[in-house]
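Down below is the structure, laid out as structure tokens.
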Amino acid sequence: MSHLHPLDENDPLAAKRDAFCLPNGVIYLDGNSLGVLPAHVPERMQHVVEKQWGESLIRGWNEHNWIDLPQKVGNRIGRLVGAEQEAVVACDSTTINVFKVVSAALALRPGRKVILSDNGNFPTDLYMAQGLADLLAKDHELRIVSPEDVADAITDDLAVLMLTEVDYKTGRRHDMKALTEKAHAVGALAIWDLAHSAGAFPVDLSGSNADFAIGCGYKYLNGGPGAPAFVYVAPRHQNDIRPALTGWMGHVAPFAFDLDYRPAEGINRMRVGTPPVLSLTALDAALDVFEDVDMEVIRQKSISLCEYFIAQVEDRCPEMELVSPRDAEVRGSQVSFRFAEGYALMQALIANGVIGDFRAPDTVRFGFTPLYLSHADVARAVDVLEKILTTRMWDMDEFRMRRKVT
Ligand SMILES: *Cc1c(COP(=O)(O)O)cnc(C)c1O
């Protein structure tokens, strides 16, 4: 870089950029969908593939502790989300983990029938709750209100409050502590999806008294496409829950090969089947970049990047309408704008090296990841956006053709 952007002076995270493989000519504002490859991951993967798998073969489960990777990685993620030790395990996908925690929570509240969520939740969470309710066939109701109405909808018929802390479309952030407290006051349990929180800013699961949480490994945690997810169970519940998915890896003694299921002690009962060692290896290695950073420092820079982006876009691109909350306090680490031809606009941005994403019907979404972005990147991204809008470059057939993944 020839000269430093004034807002990048004294950036305590500036050196972290070198820990990532960023393709030349790309400004990556989509780390909230798929995190960037940390530079040392390929070497670690190669080692585990060639040395551990290649040479140790089946002995690797013991010799390299593959069997304990879900807990090891879980504890590392737990540190980032304010969990107690041995309260998080890395396993399965977020979708599957939704099923596990909702079923466990419902079983702890047998007399109650209502699961409360909001229409800002990610659809897979809602689908899983609906499917589970159908499967249980005990007249459970999935009640969906708008995000602003959640607090008032917490009534004493609730079994479970199931929310995603940061809205994937708008970036609006719920008050996890206050809503959990409200749920507890009516005797309900609180489940938090941290898909857009973990690795993005400080989370305090323990201090918020959350009952259960889940989240993704491939977003801000940079674990790679389809990385294992995580699941948190508050220590006070761990030995009271009976998992719905009673797999052998959640058994108290998997290698006793008992014919009867008996749950493992603690968080391990949330495990189901054989852990994906290669995927866990990538996620484990990716977490190294968080080892020496303070999540508060990440948060401060994230706010600064987001505020700068909003100010620049509103100043230079008046046709864009802010969808995200203006107040950083109630916003995650992403900023969304509405534009009628949002899909075509995002395709044009991507073709010009600025990668964000599009969420139907008309929202363009930009994620800000302080570990590898600078204010200079933000300024350049807005230059590109402004040029595309003033030249109406988005209005070309090639940018309107929809692909399978948006
Ligand atoms: C990204 C995301 C998911 C994705 O779930 P997968 O099982 O990884 O496909 C689920 N919930 C929320 C809130 C998300 O943002």
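Residue indices begin at 1 and follow the sequence shown. The structure presented is a predicted model; accordingly, all values stated were derived computationally and were not measured. Counting starts at 1 for both ligands and their atoms, following the listed order.
For the pair Lys16 and Asp292, the salt-bridge criterion is met [side-chain N within less than 4.0 Å of a carboxylate O]. In summary, Asp156 and Arg112 do not engage in a salt bridge, as defined by a charged side-chain N under 4.0 Å from a carboxylate O. Using a 4.0 Å cut-off between charged side-chain N and carboxylate O, Arg316 and Glu386 make a salt bridge. A salt bridge is defined here as a Lys NZ or Arg NE, NH1 or NH2 lying under 4.0 Å from an Asp or Glu carboxylate O, and Asp258 with Arg262 meets this definition.
The distance from ligand 1 to the heavy atoms of Ser93 drops below 4.0 Å at these ligand atoms: 7 (O). Distances below 4.0 Å separate heavy atoms of His196 from the following atoms of ligand 1: 15 (O). Every atom of ligand 1 is numbered from 1 in the order shown, and the set under 4.0 Å from a heavy atom of Thr164 is 13 (C). Counting atoms of ligand 1 from 1 in the listed order, those under 4.0 Å from a heavy atom of Tyr218 are 1 (C), 4 (C), 5 (O), 6 (P), 8 (O), 9 (O).
Taking the ring centre of Phe122 as origin, the terminal cationic atom of Lys219 falls inside the region bounded by 6.0 Å and 45° from the ring axis. Seen from the ring of Phe201, Arg173 counts as a face-on cation partner, given the 6.0 Å and 45° thresholds. For the pair Arg402 and Tyr343, the distance from NZ or CZ to the six-membered ring centre is under 6.0 Å and the angle to the ring normal is within 45 degrees.
Put simply, the side chain of Met162 does not reach to within 4.5 Å of the side chain of Trp192, judged on heavy atoms.
When heavy-atom distances to ligand 1 are checked against a 4.0 Å cut-off, Asp193 comes that close only through its side chain, counted from C-beta outward. Heavy atoms of Cys216 found under 4.0 angstrom from ligand 1 belong exclusively to the side chain. Residue Ile96 does not touch ligand 1, judged by heavy-atom distances below 4.0 Å.
Between Thr124 and ligand 1, no N or O atom pair is found at a separation short of 3.5 Å. Looking at ligand 1, you won't find any N or O of Asn121 less than 3.5 Å from one of its N or O atoms.
Nearest protein neighbour of atom 7 (O) of ligand 1, counting heavy atoms only, is Thr95 OG1, 2.5 Å. Closest to atom 11 (N) of ligand 1 among all protein heavy atoms lies Asp125 OD1, 2.9 Å.
When Lys219, Met128, Lys169 are checked for heavy-atom proximity to atom 1 (C) of ligand 1, Lys219 turns out nearest.
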